[in-house]
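Chain letters run A, B, ... following the sequence lines, proteins first, then strands; residues in each count from 1.
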There are 2 protein chains.
Amino acid sequence: MKVTIKDIASMAGVSTTTVSQILNNKGQRFSEETRRRVLKAVADTDYSPDYFAKNMVQKESKTVGMIVPDVTDLFFSKVIEGVESYLNEKDYMILLCNSKHSETMERKYIKQLQNRSVAGIILASPNAIELEKYMRSCPNMLIDRGLNTREQGNILVDEYGGYYDAVQYLIDNGHKKIGMLTNESGYYEMTDRYQAYYECLLNNGLDYDSSFIEDGPVSIQGGYEAATRLLARENLTALCCGNDQMAIGAYRAAFDKGLSIPDDISIVGFDNLEITAFLNPPLTTVDQPAFEIGYTAAKLLFRAINFPEDQIPNINYEANLIVRASTKNIDR
Amino acid sequence: MKVTIKDIASMAGVSTTTVSQILNNKGQRFSEETRRRVLKAVADTDYSPDYFAKNMVQKESKTVGMIVPDVTDLFFSKVIEGVESYLNEKDYMILLCNSKHSETMERKYIKQLQNRSVAGIILASPNAIELEKYMRSCPNMLIDRGLNTREQGNILVDEYGGYYDAVQYLIDNGHKKIGMLTNESGYYEMTDRYQAYYECLLNNGLDYDSSFIEDGPVSIQGGYEAATRLLARENLTALCCGNDQMAIGAYRAAFDKGLSIPDDISIVGFDNLEITAFLNPPLTTVDQPAFEIGYTAAKLLFRAINFPEDQIPNINYEANLIVRASTKNIDR
DNA sequence: CTGAAAGCGCTTACAG
DNA sequence: CTGAAAGCGCTTACAG
């Protein structure tokens, strides 16, 4: 049988009120003697207050929900690590939901999480959800998407700027036939990156050719397939990948076709996953501070929960081009 | 103000008992009319029973805790995906804990999870925790470790067999100077793999040389550093890595040293992460069904929770050698 | 077919 | 310095 506050009270010969007050460091000062007796009973029985009972009266679940499109995505797992890292310190726990990119599942999860009275929700979503409608009054934080920009509490990464720099870098290095791997279903990060690609070409007086674009799922396999199709069709000197995972797939596609990187083709990614520095050749990519993003989202959410009247700041991160060995100057 | 069962009751002009029974499909049959009125009130207010109140009386949290050494580890994130995938169907949610390989944190999490009355715990741990002591009566499942074998409910992967096959494969292909990257702190999976390496060498009449072994953290960076040290010291024809991540680091170490894979050195990993098929060259490794493991752990835990009297079976998975292009025959 | 009442394990005014 | 009692929002015998 689970030990309850009543057991402790009777063991210590006091009322439950006293036990509760002592355990929560509340109320008036108790005699050293009773405090000692209560603490001893607690220690002897390894008692801790029932979570549900406590919450029913206090309504402080110390739990946040986190919804990601894909737990196995290296970018998101890093974000999760950041969130967990901050929240753990605060004795919060996180209820993890894997939406598999599905908006239907996201809605289901949001509802389920709210049912469970989570203190807040962190949502990383590729979809343009009408949050106002689903989140009700639950404090929430949106990660890594400019889709549903709000008054405050936006965490934004300058993906446009970072990706633009990458494309400009290729152009500066003599590339003119530059392809891109992106995602048809409007995977949220891709929009800015695509824009950057498009505008950078135009600003440099290069033609934009839609046949230089290929769509695919945002994954290694997706990148592999998209790149395979694209490389079979076009003769490119450089390929911009929607993210690092797609770039990893593109590496394989290039090798399969007998192309050497960067001698025959330059490749750039986006995210700067740890692994990219170890690839052969190391990948030129754009750094996005995944851990930081998660950590900050958690921090701001915590603030929104505990200081509801506070204004939550907007956070902007830069995305910096990291030049490695997968790109080369072909000007000669 | 949150809407409660009382509100629904008065809106529908019935008692809370009636509302509760109807919502839970319990009790005697109610008149179509009252059922309709109740359901309408529920729909109108978007009411759902308070999670904490409900749990306090029913004690069915529908929540399991999951503790992993590292969320960003590709193997574990795949396991998490499997767990989530099964449990989601059952309307369970998972409280995710990232222990960072620390036993202290694991203990803290186990305690915290139990405080929250989770229905069960799935623990993937590199440490030999005295579970009996910490898990109390909470149903639990241990993942991917033969460390704390119990009467039942063990999920075991034949790592020894799979790794043995890998080493044998190298030997069959003429390799005699075979190194290994492992983990000093006794990372749990490593023990079996190390044993397999050791015994396979001996069984084939090869000398075991402790200077062919190098330790390091089980990560890309760790593999890189360990391999760098090892390759600087020894002249090997093949290198067995504790897992795929270390192998990825070892690739880089080999390239840095100007070695070509597999011409100058053969490399094998363990796990068969999706990415390994895309590496350059594709990695020869041993397949471990990460998603399956998670899915099965969740399934068995669910069973242990809901049918406590059931005997939970032991599950054994094979680990199969996947030969790709990072290894080569040097017999000629 | 439906309701009044007890109880789950806490915390929190309030009183002394 | 300490306790009796109400209340959080449900569910569940029990009674009718």
Just how far, in rounded Å, is [atom2] of [N] from [atom1] of [X]?
X       : N     : atom1 : atom2 : result
A/Lys59 : C/dG9 : NZ    : C1'   : 14 Å
B/Ile8  : D/dG9 : CD1   : P     : 13 Å
B/Glu60 : D/dG9 : CD    : C1'   : 17 Å

Quiz item: If each of B/Met56 and B/Thr18 is mapped to the nucleotide of DNA chain C with the nearest heavy atom, which maps nearer the 5' terminus, i.e. the 5' end?
Solution: B/Thr18
Collect all protein-nucleotide pairs involving nucleotides 10-13 of chain D in which both atoms are nitrogen or oxygen and the distance is under 3.5 Å.
unit_1	atom_1	unit_2	atom_2	d
D/dC10	OP1	B/Tyr47	OH	3.1
D/dC10	OP1	B/Asp50	N	3.3
D/dC10	OP2	B/Ile5	N	2.6
D/dC10	O5'	B/Tyr47	OH	3.2
D/dC10	O5'	B/Asp50	N	3.4
D/dT11	OP1	B/Asn24	ND2	3.1
D/dT11	OP2	B/Ser20	OG	2.6
D/dT12	OP1	B/Lys26	NZ	3.3
D/dT12	OP2	B/Lys26	NZ	3.1
D/dT12	O4	B/Thr17	OG1	3.3

Quiz item: Does a sphere of radius 6.0 Å around CD in B/Glu89 hold more than 12 heavy atoms from other residues, nucleotides or ligands, not counting ones at 6.0 Å or beyond?
Solution: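 Not buried by this count: 12 neighbours or fewer within 6.0 Å.
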Between [X] (side chain only) and [Y] (backbone N and O only), is there a donor and an acceptor less than 3.5 Å apart?
X        : Y        : result
A/Asn88  : A/Ser85  : no
B/Asp310 : B/Ile312 : no
B/Thr63  : B/Ile94  : no

Exercise. Could you pull out all residues at least two apart from A/Lys78 that satisfy salt bridge (charged side-chain N to carboxylate O under 4.0 Å, His left out)?
Key: A/Glu81
Quiz prompt | side chain to side chain donor-acceptor pair (under 3.5 Å) between B/Asn55 and A/Tyr51, intermediate numbers included | solution = CA-CA 10 Å; B/Asn55 266 284; A/Tyr51 178 69; over 6 Å; no
Quiz item: Would you call B/Lys54-B/Asp50 a salt bridge at under 4.0 Å N-O?
Solution: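 Result for this pair is no, no salt bridge flagged.
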Quiz item: If a stem is a run of at least 3 consecutive Watson-Crick or G-U pairs, both distances under 3.5 Å, which stems include DNA chain D?
Solution: C:1-3 with D:14-16, C:5-12 with D:5-12, C:14-16 with D:1-3
Quiz item: Taking atom types as modelled and ignoring hydrogens, do the side chains of B/Ser15 and B/Thr18 form a donor-acceptor contact shorter than 3.5 angstrom?
Solution: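 Indeed, the side chains of B/Ser15 and B/Thr18 share at least one donor-acceptor pair under 3.5 Å.
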